[in-house]
J.: 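Before I ask anything, let me first share the structure, which is written out below as structure tokens.
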Amino acid sequence: MSDYHQPGYGPYTGGPQQPYGPPQQGWQQATPPVDHGNAYGYDYAYGPPPPAPSPSTSPAMWSHLGALLTVTAGTMMCCGLGAFLGWIFPMSIRNNERHKHDPYVRHHATQALNFGITQAIMAALGVVLYIASAVIFATAATETQRNGAGLAVPLLTVIGIMAAYGIAGVVCSVIGTVRATRGELWTYPRLIAWPLSKG
């Protein structure tokens with residue numbers, strides 16, 4: 001005896017089985033499913049969605065501020081050595097394991113790293129220009145030119161150019177620090193921070 005003829009089973013009609021529940025008479029009665037969730041499993045039917053996670057403003061701010069303090073305070077305290085070391089602090093934040101997958105922190109740390117590297121290159125270039133100006137003037141000048149104030153002109157020109165560049169870098173770094181604190185993106189001008197490192 002087959003399973004279809006056992007007691008408790010209805011007669012087999014040979015057609016497709018009907019779905020459980022009341023029979024549907026067409027597409028008008030079919031209701032679309034209501035999506036009460038999102039990708040994170042939160043049910044919007046019970047309240048507003050949770051706020052978006054805020055960007056990590058503290059490490060982003062410290063990447064700019066660390067470069068700025070190293071360049072400015074380090075230069076004043078250590079005979080100009082800080083201008084060569086402004087890239088170390090942003091690089092340590094960028095390469096930290098906690099921040100490797102945070103695009104906001106990586107963007108700001110990369111910008112501050114490029115600022116620090118550019119300041120180091122410009123500081124080295126300033127030292128070379130200063131020494132080269134002094135050596136060229138000393139070898140090419142006559143005895144009366146050496147005794148006059150002629151040497152001060154090229155040296156003061158190099159100092160003035162480097163000071164203006166340094167002040168512009170400090171202003172841009174302060175702007176980057178403020179923007180990072182507010183949760184905004186900031187990109188240095190190319191003259192102040194050459195895009196040597198990509199985020």
J.: For A123, is there any backbone N or O sitting under 3.5 Å from a side-chain donor or acceptor partner on Y165?
T.: no
J.: Rounded to the nearest 0.5 Å, how far does CH2 of W62 lie from CG of L69?
T.: 7.0 Å
J.: Are I93 and V174 co-members of a hydrophobic cluster defined by side-chain heavy atoms under 4.5 Å apart?
T.: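 Same hydrophobic cluster.
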J.: Looking only at non-hydrogen atoms, find the nearest pair between N95 and K100 and report the distance.
T.: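 It is O-CE, 3.4 Å.
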J.: One pair to check against side-chain contact (heavy atoms from CB on, under 4.5 Å): N114 and W194. What are the steps and the verdict?
T.: CA-CA 6 Å; N114 287 335; W194 302 332; over 6 Å; no
J.: Nearest 0.5 Å, please: how far is CZ in R179 from CD1 in I175?
T.: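 Spacing of CD1 (I175) from CZ (R179) equals 7.0 Å.
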J.: Let me know which of V158, V135, L125 forms a side-chain contact (heavy atoms from CB on, under 4.5 Å) with Y130.
T.: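 Single pass found, and it is V158.
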J.: Dump the intermediate steps for side-chain contact (heavy atoms from CB on, under 4.5 Å) on R94 and R106, then the final yes or no.
T.: CA-CA 6 Å; R94 183 178 159 212; R106 284 191 61 81; 3.5 Å; yes
J.: For T177 versus M61, what's the shortest heavy-atom pair and its separation?
T.: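 Distance-wise, the nearest heavy atoms are CG2-CG, 3.6 Å.
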J.: Test of understanding: clusters of I, L, V, M, F, W, Y form through side-chain heavy atoms closer than 4.5 Å, transitively. Do I159 and V71 belong to the same one?
T.: yes
J.: Using only atom types and a distance under 3.5 Å, with no angle test, would you say the side chain of Y104 pairs donor to acceptor with the backbone of E184?
T.: yes
J.: side-chain contact (heavy atoms from CB on, under 4.5 Å) with V128: which residues, sequence neighbours excluded?
T.: none
J.: What are the two closest heavy atoms between A67 and A112, and how far apart are they?
T.: CB-O, 4.2 Å
J.: If you round to the nearest 0.5 Å, how far is CG of L113 from CD1 of I88?
T.: 10.5 Å
J.: Has T75 got a side-chain atom pairing as donor or acceptor with A83's backbone, closer than 3.5 angstrom?
T.: yes
J.: What pair of heavy atoms forms the shortest contact from T110 to K198, and how long is it?
T.: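 Heavy atoms of T110 and K198 come nearest at CG2-C, 3.8 Å.
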J.: Any donor-acceptor pair under 3.5 Å linking the side chain of T72 with the backbone of L68?
T.: yes
J.: Are F89 and L85 joined in one hydrophobic group, where the rule is that I, L, V, M, F, W and Y side chains link up if heavy atoms are under 4.5 Å apart?
T.: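 No.
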J.: Provide the closest heavy-atom pair for I117 versus L196 in the form atom of the first, atom of the second, distance.
T.: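 Nearest heavy atoms, I117 then L196: CG2-CD1, 3.3 Å.
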J.: Would you sort out whether S197 and M91 count as a side-chain contact (heavy atoms from CB on, under 4.5 Å), showing the intermediate values?
T.: CA-CA 10 Å; S197 177; M91 187 176 71; over 6 Å; no
J.: Is L129 reachable from L191 through a run of hydrophobic residues whose side-chain heavy atoms are each under 4.5 Å from the next?
T.: yes
J.: For the residue pair I192 and C172, what are the closest heavy atoms and their distance?
T.: CG1-SG, 4.0 Å
J.: Partners of Y188 by ring pair (Phe, Tyr, Trp, His ring centres under 6.0 Å), sequence neighbours excluded?
T.: H64, F115, W186
